[in-house]
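Values below: all heavy atoms of this structure, side chains included; hydrogens, waters and symmetry mates excluded. Just follow the structure's listing: the first ligand is 1, and inside any ligand the first atom is 1.
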Amino acid sequence: MIEPLIPAANSKVILIVDDDSTMRGMTQLALHQSGFIVVTASDGSEALEKVAQQKIDCIVTDIVMPKMNGIELCSMIRVLPGGNRIQILIMTGLDDLESIQKACAAGANDFASKGFHPSLLVERVRYLLRNQDLQDTLHQSEQRLNYAERLASVGHWERTINGTTQAISPTVCKFLDNKNISEITWDYLCDHTHPDDVPYLKANMEHAIKNFSNFQLEHRYISNKGALRILRHQGEFNRDANGNWIIYSTVQDVTENRVQEERIRFLAFKDPLTELPNRAAAIRDLARLLDYHKDDNSLVAVLAICLDDFNRITGSLGQDASDTVLKAVSDILRKQIRDPLQDLTNNDDPKEALLIAHSEGEKFICIVNHLKFTEAASAIAKRIQRAISAPIKVADMELQLTASIGISLCPNDTQDAHQLLDNAFTALLHACDHKNACQLFSDDLNHAARQRLSLEVELVRAMENQEFELFYQPRLNLSDNSIRGAEALVRWRHPQRGIIGPSEFILLLEEMGLIGKVGNQVINMAAQQAALWQRTIDPDFRVSFNVSPLQFGLVDLVTEIDAAVKRTGAQHTNLEMEVTESALMSDPEQVISILRALRNRGLRIAMDDFGTGFSSLGMLRDMPVDILKIDRSFVKDIGVTATGSAMVNAILVMARALNLKCVAEGVEMDTQLHFLTHNHCNEAQGYLLAKPMTAQHLEHWIKQWRQEKINAA
Ligand code: C2E
Ligand code: CA
Ligand code: CA
């Protein structure tokens, strides 16, 4: 309900128009004494000037005047903007019926005879003004109603049972292509409704009319320009003043609401990047499917799929490229979805997936039903792996991906949707360890998962109890056979299990977010050792330590290293930091600036596992590094295959061109060492020389090495 407004200023302005100054004066006095503001004019044209100058609420005018008479004045006023609002009272002779008729036709509101007592005239004027106020209020209410309707995208429509419009608000006209009231009928609406919705619309309206019952309808309206709107009608029946049944309804444009609702539904159950159903949708559909299959003896398989080494793609090619890859893989997987019309009864071993979903990151879910054997699930997994391994074009490159897959089966493993999915992901964890592998779920895996959990608990304790220590592997300088440094490799001295290597816990520490703290312990231990060996072994002796790419984001490496150097009395120049290319993954600019800062302090940067990532020459140019560590996988092929040796040589040549030093890792054989020396590799490290050992052992080992050298000379 819209309340009337209280008018701001109350004093009304009356214009008296008369060429007779006595009459004018008397009327003026009476109106003035009654509280009105009065202005006067002696004929029609002067009156028009006054109207143009100020707001006039009511005109009291004589008819017969020299320049412009009262009737002409009336007509002129009515065509002025806002002129309709002005009340006009005509003063006539008693018997002048003809003039009265003309004045009314020209738009006068009322008339009074010239002999009228002034106080009665005042009442007439009051009556006219009250009338105007009422009209104003009504007009304002209508305007506000229109405004509110427009804002709420809702209007109203009154029509007869035959469908003829009695009244309609401008908002509804706007919804219906701005047609005017005479054109809008129920039939018009039906003609412009989406053909699929017409039977529903007509049947519901007929039912409502038959029972005079309230109704709510929603349908699609097609505008003349072809745009689709969703209109909602809510109505009831009532009799009008003449006793005829009228349908009163509101009409609302709910297009935007429906679009939003659709979007919310979409977001709740679809992954926005790949537009595949998400994990929640997969669980929902899986639960329904398991229920559907609970009494037949076919199998339902859940395949958890993960792209191997995906963070390398993100790291070297960036987020956009990895999004492109995820979309491409989604398209590949989508093709594995079964044609819903496929005749299952005639097919003994339907292979196609029922549903493909995007779980998160590089992980997908595939659900298959109607399987007769466990092997069928493995066969599907193999096919999916083959499909994924087809080259994918990203920017100017062709990538070849592999995927690991974990499989869980219903009813073999469980009949619960959540558990089935969890089991598939547990199996996936194991498949991922081997890459491009496929792993069926078994209870043993669950046992392994529990073991992992207890390992996590132990790792927290290990960190608090300082159970981590560093082993050192010496690095041989190939130009003069001297030992100039060693790589620090972390070990876990487990109270019961003894020494444990990093492959068993680094990944877990990374996943647990603890790698920052353990990494700091490593930095401190390495600095401590560097400070000591700089005095006891060689002032230029270098200790290199490894950092995980995640450390760049978890701790302030520059501050940590500065503090460790200060605390231990080491020099930055006695330290070397080994980073892998994937360190550039998340925030290359930040990493590069950290590396620069450290390098400016004299600390050397080594690119670890060089050649195994997606490193490009461009990246090597941008990354502030001093040393390339040639990965063991290349060194292993020296002398074994022709390309193996050529590859290592190519890296050495390139490194020289870029002014970088090279360290070969994993040197196990004399042939490798000879090749490396011959091709001017700077340093070598590997079991041929020594395995990683405790600090004490290394000191002893170096003494021995020096002694043997002296003896040999
Ligand atoms: P990496 O940095 O590439 O270290 C070289 C690995 O190769 C070491 O394994 C070393 O023991 C092994 N190795 C050395 N020479 C030979 C050889 O001739 N033959 C063979 N087969 N292997 C050789 P380890 O100590 O098990 O370390 C494995 C990885 O764990 C390291 O690879 C490194 O990535 C990581 N890691 C080690 N210590 C740390 C650490 O303090 N922090 C972090 N974040 N990672 C570490
Ligand atoms: Ca290393
Ligand atoms: Ca390495």
Side-chain angles (χ1 to χ4, degrees), residues 312 459 462-463 466-476 485-493 499-530 542-555 557 560-561 564 575-583 585 604-613 615 625-638 648 651 662-673 676 683-695 697-698 701:
R312 281 207 186 156
L459 274 175
M463 200 181 63
Q466 313 254 322
E467 290 171 17
F468 296 110
E469 64 178 64
L470 294 182
F471 273 33
Y472 295 87
Q473 187 176 37
R475 268 162 46 174
L476 176 69
E487 176 177 3
L489 294 154
V490 71
R491 298 290 181 264
W492 177 11
R493 198 174 282 277
I499 299 286
I500 298 175
S503 60
E504 275 196 54
F505 58 85
I506 290 286
L507 215 75
L508 206 52
L509 285 175
E510 287 180 340
E511 283 175 17
M512 293 167 71
L514 295 179
I515 194 68
K517 283 189 179 160
V518 175
N520 288 347
Q521 293 184 358
V522 166
I523 291 169
N524 273 292
M525 290 188 284
Q528 180 120 41
Q529 208 57 62
R542 288 205 183 235
V543 174
S544 69
F545 57 91
N546 295 278
V547 289
S548 151
L550 298 186
Q551 278 172 263
F552 288 89
L554 289 171
V555 296
L557 272 177
E560 284 300 333
I561 291 172
L575 288 171
E576 197 171 291
M577 187 165 92
E578 301 195 4
V579 228
T580 52
E581 294 152 61
S582 46
M585 201 164 82
R604 283 201 303 198
I605 309 290
M607 169 78 75
D608 208 354
D609 304 342
F610 181 76
T612 58
S615 30
V625 291
D626 307 277
I627 298 161
L628 292 187
K629 295 198 76 176
I630 306 173
D631 193 67
R632 193 172 80 229
S633 56
F634 293 100
V635 174
K636 180 170 83 21
D637 286 345
I638 292 176
V648 173
I651 297 176
C662 273
V663 179
E665 291 188 298
V667 179
E668 294 182 351
M669 293 191 291
D670 278 325
T671 46
Q672 296 163 346
L673 192 66
L676 292 162
E683 287 179 71
Q685 155 185 8
Y687 292 173
L688 179 68
L689 222 72
K691 288 195 168 178
M693 58 190 101
T694 62
H697 269 107
L698 185 74
W701 185 89

Candidate with minimal heavy-atom separation from [atom], of [options]:
{"atom": "atom 37 (C) of ligand 1", "options": "Leu489, Ile515, Leu470", "result": "Leu489"}
{"atom": "atom 44 (N) of ligand 1", "options": "Ala664, Ser548, Gly519", "result": "Ser548"}
{"atom": "atom 2 (O) of ligand 1", "options": "Leu550, Asp608, Ile500, Val667", "result": "Asp608"}
{"atom": "atom 3 (O) of ligand 1", "options": "Leu507, Val547, Asp609, Ile523", "result": "Asp609"}

Minimum-distance pair of heavy atoms, taken over all atoms of Leu676 and Ala664 =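 Result for this residue pair: CD1-CB, 3.5 Å.
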Atom of Met693, atom of Pro474 and distance for their closest heavy-atom approach =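 Answer, listing the atom of Met693 first, then Pro474: CE-CD, 4.0 Å.
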What's the separation between atom [atom1] in [X] and atom [atom2] in [Y], rounded to the nearest 0.5 Å?
{"X": "Gln466", "Y": "Asn524", "atom1": "CD", "atom2": "CG", "value": "9.0 Å"}
{"X": "Ile638", "Y": "Met669", "atom1": "CD1", "atom2": "CE", "value": "8.5 Å"}
{"X": "Met463", "Y": "Ile515", "atom1": "CE", "atom2": "CD1", "value": "10.5 Å"}
{"X": "Leu470", "Y": "Thr694", "atom1": "CG", "atom2": "OG1", "value": "11.0 Å"}

Between [Y] and [X], is there a side-chain heavy-atom distance shorter than 4.5 Å?
{"X": "Val625", "Y": "Phe610", "answer": "no"}
{"X": "Asp609", "Y": "Glu578", "answer": "no"}
{"X": "Ile499", "Y": "Phe471", "answer": "yes"}

Is there at least one pair of N or O atoms, one from Gln685 and one from ligand 1, spaced under 3.5 Å apart?
->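 By distance alone, the answer is no.
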What about Glu668: any of its N or O atoms under 3.5 Å from an N or O on ligand 1?
-> yes
At less than 4.0 angstrom from any non-hydrogen atom of [X], what atoms of ligand 1 do you find?
{"X": "Gln473", "result": "14 (C), 15 (N)"}
{"X": "Glu665", "result": "3 (O)"}
{"X": "Arg632", "result": "7 (O), 19 (N), 20 (C), 21 (N), 22 (N), 23 (C)"}
{"X": "Glu487", "result": "2 (O), 4 (O)"}

Please list the nearest protein heavy atom to [atom] with its residue and the distance rounded to 0.1 Å.
{"atom": "atom 24 (P) of ligand 1", "answer": "Pro502 CG, 3.7 Å"}
{"atom": "atom 46 (C) of ligand 1", "answer": "Asn546 CB, 3.8 Å"}
{"atom": "atom 18 (O) of ligand 1", "answer": "Tyr687 N, 2.7 Å"}
{"atom": "atom 39 (C) of ligand 1", "answer": "Val490 CG1, 3.5 Å"}

Do any N or O atoms from the side chain of [X] and from the backbone of [Y] form a donor-acceptor pair under 3.5 angstrom?
{"X": "Asp626", "Y": "Ile605", "value": "yes"}
{"X": "Gln473", "Y": "Ala690", "value": "yes"}
{"X": "Glu504", "Y": "Gly501", "value": "no"}

Test side chain to side chain contact (heavy atoms under 4.5 Å, CB included) applied to Val579 and Phe552, step by step | CA-CA 10 Å; Val579 228; Phe552 288 89; 3.5 Å; yes
Does the pair Asn546 and Glu487 meet the rule for a side-chain hydrogen bond (donor to acceptor under 3.5 Å, both in side chains), with working shown?
-> CA-CA 8 Å; Asn546 295 278; Glu487 176 177 3; 2.9 Å; yes
Output yes when a protein non-hydrogen atom is found under 4.0 Å of [atom], and no otherwise.
{"atom": "atom 9 (O) of ligand 1", "answer": "no"}
{"atom": "atom 6 (C) of ligand 1", "answer": "no"}
{"atom": "atom 34 (O) of ligand 1", "answer": "no"}

Take Leu459 and Leu509 through the side chain to side chain contact (heavy atoms under 4.5 Å, CB included) test and state the conclusion after the steps.
-> CA-CA 8 Å; Leu459 274 175; Leu509 285 175; 4.0 Å; yes
Have a look around the Ca ion (ligand 2) and list protein N/O/S atoms under 3.0 Å, or say none.
->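 Near the Ca ion (ligand 2), the protein supplies Glu487 OE2, Asn546 OD1, Glu578 OE1, Asp608 OD2.
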For Glu683, enumerate each residue passing the salt bridge (charged side-chain N to carboxylate O under 4.0 Å, His left out) test, keeping only those at least two apart in sequence or located in another chain.
->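 Partners of Glu683 under the salt bridge (charged side-chain N to carboxylate O under 4.0 Å, His left out) test: Arg475.
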Does some non-hydrogen atom of Pro692 fall short of 4.0 Å from ligand 1?
-> yes
So is Lys691 in contact with ligand 1, going by heavy-atom distances below 4.0 Å?
->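 No, Lys691 has no heavy atoms under 4.0 Å from ligand 1.
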Please state whether the rings of Trp492 and Phe468 are parallel, tilted or perpendicular, taking 30° and 60° as the class boundaries.
->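 Trp492 vs Phe468 ring planes: tilted.
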Using a heavy-atom cut-off of under 4.0 Å, does the side chain or the backbone of [X] touch ligand 1, or both, or neither?
{"X": "Lys629", "answer": "neither"}
{"X": "Leu688", "answer": "neither"}
{"X": "Val522", "answer": "side chain"}

